[in-house]
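Below, chain A is the first sequence line, B the second, and so on; all start at residue 1.
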Number of protein chains: 2
Amino acid sequence: MHPLDETDRAILRLLRADGRMSNAALAEAVGLSPSACLRRVRLLEHRGVIRGYTAIIEETAPRPGVVVMVRITLERQTDEAMRRFEEAVRRCPEVRECYLMTGDSDYILRVEARDAADYERIHKEALSRMPGVARIQSSFAIRSVIRG
Amino acid sequence: MHPLDETDRAILRLLRADGRMSNAALAEAVGLSPSACLRRVRLLEHRGVIRGYTAIIEETAPRPGVVVMVRITLERQTDEAMRRFEEAVRRCPEVRECYLMTGDSDYILRVEARDAADYERIHKEALSRMPGVARIQSSFAIRSVIRG
DNA sequence: GTTGAAAATAGCGCAGA
DNA sequence: TCTGCGCTATTTTCAAC
């Protein structure tokens, strides 16, 4: 594994500040030609240093729904399988938190749904269709003692 | 203030999944012309619904320390035992979230510590001394995929 | 790592339902 | 007002060096 040099770190810092900044502007800011810069960015993406890009959405209404803690085990634990799963997780707005855990190397998700029926829909249409999912274990919260 | 229509929500969902998606691809996905789509995106940005864009960087040395998901079972599940336990939980600043769960493991806590040694201290001095605690199961998170 | 050229895209004015 | 269309500057992307 190559360590990140100063240029790589500058790229990461700039892309974290503005994920939609053009490659041309990024290249100029770090002092590279656009093609060399793009090659570094693609390499950082492929190595998993950049896991993806996302829009920061203003959360309007913190709705008082059902909280479900979900444990998900993947069929395989390859980097590629994990990356694909995590991409699907980030795409699902009902998943409020997600942690990759030690142990059986599965994930813990905190999912918020409007009610039990809504969670059933999320389970069927989103969670169970995520790539590489082998097992889903759902635990419903009765009450939030300290909220996230 | 205009409420978000179905097209706006589709745009937000897609940009949340891939913040660098081209406007042309976004437009096709939501069924608009590129210019109409771009105008909606700019409006969402200007209204503050989209606060910005960012690259999701793999955190090798995460600053906030380690995240531990803790499952705590009480000796008794009487109202009084639960009330006393929850009071102790609220007094512990390292416990960032706490949910009373259905099923066998009674509470799930998200605890943040500086490092593993710090968590050991929290475990010994705080968690294990909370009233009515019968069993503590700790799972360490390797990485936060969403939030933290 | 760079240059250069072709293809795709962004961004803007303008006209119409 | 919101949409779609045409145009141009910019950007992306790939090849060759």
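With A:R110 contributing its side chain and A:V67 its backbone, the two residues share no donor-acceptor pair below 3.5 Å. A donor-acceptor pair is defined here as one N or O able to donate and one able to accept, closer than 3.5 Å; no such pair exists between the side chain of A:R90 and the backbone of B:I146. B:T54 contributes a side-chain N or O that, together with a main-chain N or O of A:R16, makes up a donor-acceptor pair within less than 3.5 Å. Put simply, the side chain of B:R9 gets close to the backbone of B:L4: a donor and an acceptor are under 3.5 Å apart. One N or O on the side chain of A:S128 and one on the backbone of A:H123 form a donor-acceptor pair closer than 3.5 Å.
Atom-to-atom, CZ of B:R40 to P of C:dG11 comes out at 18 Å; the value is rounded to the nearest Å. In this entry the distance linking CG of B:L44 with P of D:dC2 reads 12 Å, nearest Å. For the pair A:E6 CD and C:dG1 P, the computed distance is 14 Å after rounding to whole Å.
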Subject >> Summary of protein contacts for nucleotides 11-17 of chain D, nucleotide by nucleotide, where a base hit scores B, a sugar-phosphate-only hit scores S (4.0 Å, heavy atoms) >> reply: SSSB---

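For DNA chain D, no neighbouring residue in residues 9-18 of chain B is found when judged by any heavy atom under 4.0 Å.
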Anything under 3.5 Å between a protein N or O and an N or O of nucleotides 15-17 of chain C, put it in a table, one pair a line.
none

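Look at A:E58 and B:R47 and you find no salt bridge, because none of the NZ, NE, NH1 or NH2 atoms lies under 4.0 Å from a carboxylate O. No salt bridge links B:R20 with A:E45; every basic N to acidic carboxylate O contact stays at or beyond 4.0 Å.
Looking only at atom types and distance, the side chain of A:S139 has no donor-acceptor partner in the side chain of B:Y99 under 3.5 Å away.
The aromatic rings of A:F140 and A:Y119 sit perpendicular to each other, their planes meeting at more than 60°, with 30° as the lower class boundary.
Here the straight-line distance linking atom CD1 of B:I56 with atom CD1 of A:I50 works out to 10.5 Å at 0.5 Å rounding.
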